[in-house]
*Asks:* 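Quick one: this structure, given as structure tokens, is what I'll be asking you about.
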Amino acid sequence: MSGGVITYGHYLALSAVLFFIGAAGVVTRRNLIVIFMSIEIMLNAANLAFVASAFRWGSMDGQTIVFFVMAVAAAEAAIGLAVIIALFRSTEAVKSDEVSLLRW
Amino acid sequence: MSPWIFYPLAAASVLGALSVIAARSPVRSAMALVATLVALAACFVALGAHLVAALQIIVYAGAVMVLFLFVIMLLDLQEDPAEGGRTGLKLATVCIGAGLAASFAALISRGGEPAIAGGADFGTTRALARLLFSDYLVAFELTSILLLIAVVGAVVLARRDPRRESE
């Protein structure tokens, strides 16, 4: 294993890797639920960056922001899943390709 | 912070995230996401954020993921055979993502300054609440309104229209 000390940079690197994995999921997958889960991965990557920054600078502000991010993410998940349910009820499909009314 | 704690947690979270985007069945993706969230909660504990780690388990892994699984079960989603195409796009995405992530990791891993020690109650509920009800009070109140809007919106969106049902 490289290095004996885990620094702030290691946590930021993990956050970046997770963020890109989430972004790749949003771009690549077509199932709406999996796209949603990839968005949650991105949000969690940001949370990790905030908590690591709070630890690095000894300030509780980072953790407070994580609190709000979690509340907003939970609200967004509830609304998004309700939208998916309403969509599925009218079209019987959850493939993003088939929901293209707003595409330019 | 010991590398024996960080690297297994990092590997678990990255493997979980990769399984989320790569699994064919949505249920497997959801389970992998739960594993990723738990690994991240353990990272939060290692970073001294105990309340945030508890909230991650209770709210994220315990409520949001259960909601996801309910919806997956309700919609009875099967494995999607049509997802097999677009390999060019997938390959390009993976390569770009890996390249960017690798460059990030190489740049960021040089940050070796020691961490500033927090207060004696760093990461506790008391310290978070002290900030929440003083500096972030407006955001706190607005979040409560946001949650109310989310509840009302979810109920309205997912409700069957009684007039349409009787046609």
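Naming convention: chains lettered A, B, ... in sequence-line order (proteins, then strands); numbering from 1 in each chain. In what follows, every heavy atom counts, from backbone to side chain, and hydrogens, waters and symmetry copies are set aside. Predicted model only: the values in this text are computed from it and were never measured.
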*Asks:* Check whether A:A71 gets within reach of chain B through its side chain, its backbone, both or neither, counting any heavy atom under 4.5 Å.
*Replies:*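 Its backbone and side chain both get close to chain B.
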*Asks:* Under a 4.5 Å side-chain heavy-atom rule over Ile, Leu, Val, Met, Phe, Trp and Tyr, are B:V59 and B:V45 clustered together?
*Replies:*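 Unlinked, B:V59 and B:V45 end up in two clusters.
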*Asks:* Side chain, backbone, both or neither: which part of A:I79 has a heavy atom under 4.5 Å from chain B?
*Replies:*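 For A:I79, backbone and side chain are both near chain B.
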*Asks:* Go through the atoms of B:L37 and report whether side chain, backbone, both or neither lie under 4.5 Å from a heavy atom of chain A.
*Replies:*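 Only the side chain of B:L37 comes within 4.5 Å of chain A.
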*Asks:* Between CZ of B:R24 and CG of A:N31, what distance do you get to the nearest 0.5 Å?
*Replies:*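 Taking CZ in B:R24 and CG in A:N31, the distance rounds to 13.5 Å.
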*Asks:* Is there a continuous path of hydrophobic side-chain contacts, each under 4.5 Å between heavy atoms, that joins B:L142 to B:L148?
*Replies:*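 No, no single cluster joins them.
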*Asks:* To the nearest 0.5 angstrom, please state how far the CG atom of B:L33 sits from the CG atom of A:N44.
*Replies:*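 B:L33 CG to A:N44 CG: 7.0 Å, rounded to 0.5 Å.
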*Asks:* Name the option with the most non-hydrogen atom pairs under 4.5 Å to chain A; the candidates are B:A139, B:A32, B:A22.
*Replies:*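 Most heavy-atom pairs within the cutoff with chain A belong to B:A139.
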*Asks:* Between chain B and each of A:F68, A:F19, A:W57, count heavy-atom pairs under 4.5 Å; write down the option with the most.
*Replies:*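 Greatest number of close heavy-atom pairs with chain B: A:F68.
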*Asks:* With a 4.5 angstrom heavy-atom cut-off, could you sort out which part of B:F68 is near chain A: side chain, backbone, both or neither?
*Replies:*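 Answer is both: backbone and side chain atoms of B:F68 are under 4.5 Å from chain A.
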*Asks:* If you look at every heavy atom in B:A17 and A:L18, which pair is closest and at what distance?
*Replies:*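 Distance-wise, the nearest heavy atoms are CB-CD2, 3.7 Å.
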*Asks:* Parallel, tilted or perpendicular for B:F6 and A:Y11, by the 30°/60° rule?
*Replies:*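 Correct class here is perpendicular.
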*Asks:* With chain B as the partner, which of A:V17, A:L43, A:D61, A:V26 has the greatest number of non-hydrogen pairs under 4.5 Å?
*Replies:*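 It is A:D61.
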*Asks:* B:G16, B:A150, B:A63, B:A129: which one forms the most heavy-atom pairs within less than 4.5 Å of chain A?
*Replies:*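 Greatest number of close heavy-atom pairs with chain A: B:A150.
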*Asks:* For chain B, which of A:I41, A:V83, A:V72 has the most heavy-atom pairs under 4.5 Å?
*Replies:*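 Heavy-atom pairs under 4.5 Å are most numerous for A:I41.
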*Asks:* For chain A, which candidate among B:L147, B:L146, B:L132, B:V64 shows the most heavy-atom pairs at distances under 4.5 Å?
*Replies:*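 That would be B:L132.
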*Asks:* At their closest point, which heavy atom of A:Q63 faces which heavy atom of B:G48, and how far apart are they?
*Replies:*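 Shortest heavy-atom contact: NE2-O, 4.1 Å.
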*Asks:* Are B:V156 and B:V71 connected in a single hydrophobic cluster, I mean Ile/Leu/Val/Met/Phe/Trp/Tyr linked by side-chain heavy atoms less than 4.5 Å apart?
*Replies:*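 No.
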*Asks:* Distance alone, cut at 3.5 Å: any donor-acceptor contact between the side chains of A:N47 and B:Q56?
*Replies:*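 Their side chains do not contain a donor-acceptor pair, so the 3.5 Å distance test is not met.
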*Asks:* If I measure from the heavy atoms of chain A, does B:A30 come under 4.5 Å with its side chain, its backbone, both, or neither?
*Replies:*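 Both the backbone and the side chain of B:A30 come within 4.5 Å of chain A.
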*Asks:* Which atoms of B:A23 are under 4.5 Å from chain A, going by heavy atoms: the side chain, the backbone, both sets, or neither?
*Replies:*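 Only the backbone of B:A23 comes within 4.5 Å of chain A.
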*Asks:* Sort A:S59 into side chain, backbone, both or neither according to what part of it lies under 4.5 angstrom from a heavy atom of chain B.
*Replies:*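 Only the backbone of A:S59 comes within 4.5 Å of chain B.
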*Asks:* Heavy-atom cut-off 4.5 Å, strictly under: side chain, backbone, both or neither for A:E76 against chain B?
*Replies:*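 Contact with chain B involves no heavy atom of A:E76 at all.
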*Asks:* Please look at B:S13 and chain A and tell me whether the side chain, the backbone, both or neither of the residue comes under 4.5 angstrom of a heavy atom of that chain.
*Replies:*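 Both parts, backbone and side chain.
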*Asks:* Any heavy-atom pair between the side chains of B:V52 and A:F67 that's under 4.5 Å?
*Replies:*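 No. Closest side-chain heavy atoms not under 4.5 Å.
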*Asks:* Among B:L40, B:V20, B:V151, B:T36, which residue forms the greatest number of heavy-atom pairs with chain A at distances under 4.5 Å?
*Replies:*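 The residue among B:L40, B:V20, B:V151, B:T36 with the greatest pair count is B:L40.
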*Asks:* Hydrophobic clustering (ILVMFWY, side-chain heavy atoms < 4.5 Å, transitive) - are B:L128 and B:F133 grouped together?
*Replies:*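 Yes, it is one cluster - the side chains of B:F133 and B:L128 are joined through contacts under 4.5 Å.
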*Asks:* Using non-hydrogen atoms only, which part of A:F36 is less than 4.5 Å away from chain B: side chain, backbone, both, or neither?
*Replies:*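 Answer is both: backbone and side chain atoms of A:F36 are under 4.5 Å from chain B.
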*Asks:* Which pair of heavy atoms, one from B:Y60 and one from A:A73, lies closest together, and at what distance?
*Replies:*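 In this case the closest contact between B:Y60 and A:A73 is OH-CB, 3.2 Å.
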*Asks:* Atom CG of B:L157 and atom CG of A:L81: how far apart are they, to the nearest 0.5 Å?
*Replies:*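 Interatomic distance, B:L157 CG to A:L81 CG, rounded to 0.5 Å: 11.0 Å.
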*Asks:* Tell me the closest heavy-atom pair linking A:A78 and B:A154, and the distance in Å.
*Replies:*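 Scanning both residues, the minimum pair turns out to be O-CB, 4.2 Å.
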*Asks:* If every non-hydrogen atom of A:M37 is compared with every non-hydrogen atom of B:M65, which pair is closest and at what distance?
*Replies:*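 Nearest heavy atoms, A:M37 then B:M65: SD-CE, 4.3 Å.
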*Asks:* Let me know if B:T124 has heavy atoms under 4.5 Å from chain A in its side chain, its backbone, both or neither.
*Replies:*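 Contact with chain A involves the backbone of B:T124 alone.
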*Asks:* Are A:V66 and B:L55 side-chain neighbours, meaning at least one heavy-atom pair lies under 4.5 Å?
*Replies:*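 They are not in side-chain contact.
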*Asks:* According to a 4.5 Å side-chain heavy-atom criterion applied to Ile, Leu, Val, Met, Phe, Trp and Tyr, with indirect links allowed, do A:M60 and B:L137 form part of one hydrophobic cluster?
*Replies:*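 As far as the 4.5 Å side-chain criterion goes, B:L137 and A:M60 are connected within one cluster.
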*Asks:* Please round to the nearest 0.5 Å and tell me the distance separating atom CZ of A:F50 and atom CG of B:L47.
*Replies:*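 Taking CZ in A:F50 and CG in B:L47, the distance rounds to 14.0 Å.
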*Asks:* Where on B:F70 is there a heavy atom nearer than 4.5 Å to chain A: the side chain, the backbone, both, or neither?
*Replies:*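 Neither part.
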*Asks:* Could you look at A:I21 and say if it's the side chain, the backbone, both or neither that has a heavy atom under 4.5 Å from chain B?
*Replies:*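 Both backbone and side chain.
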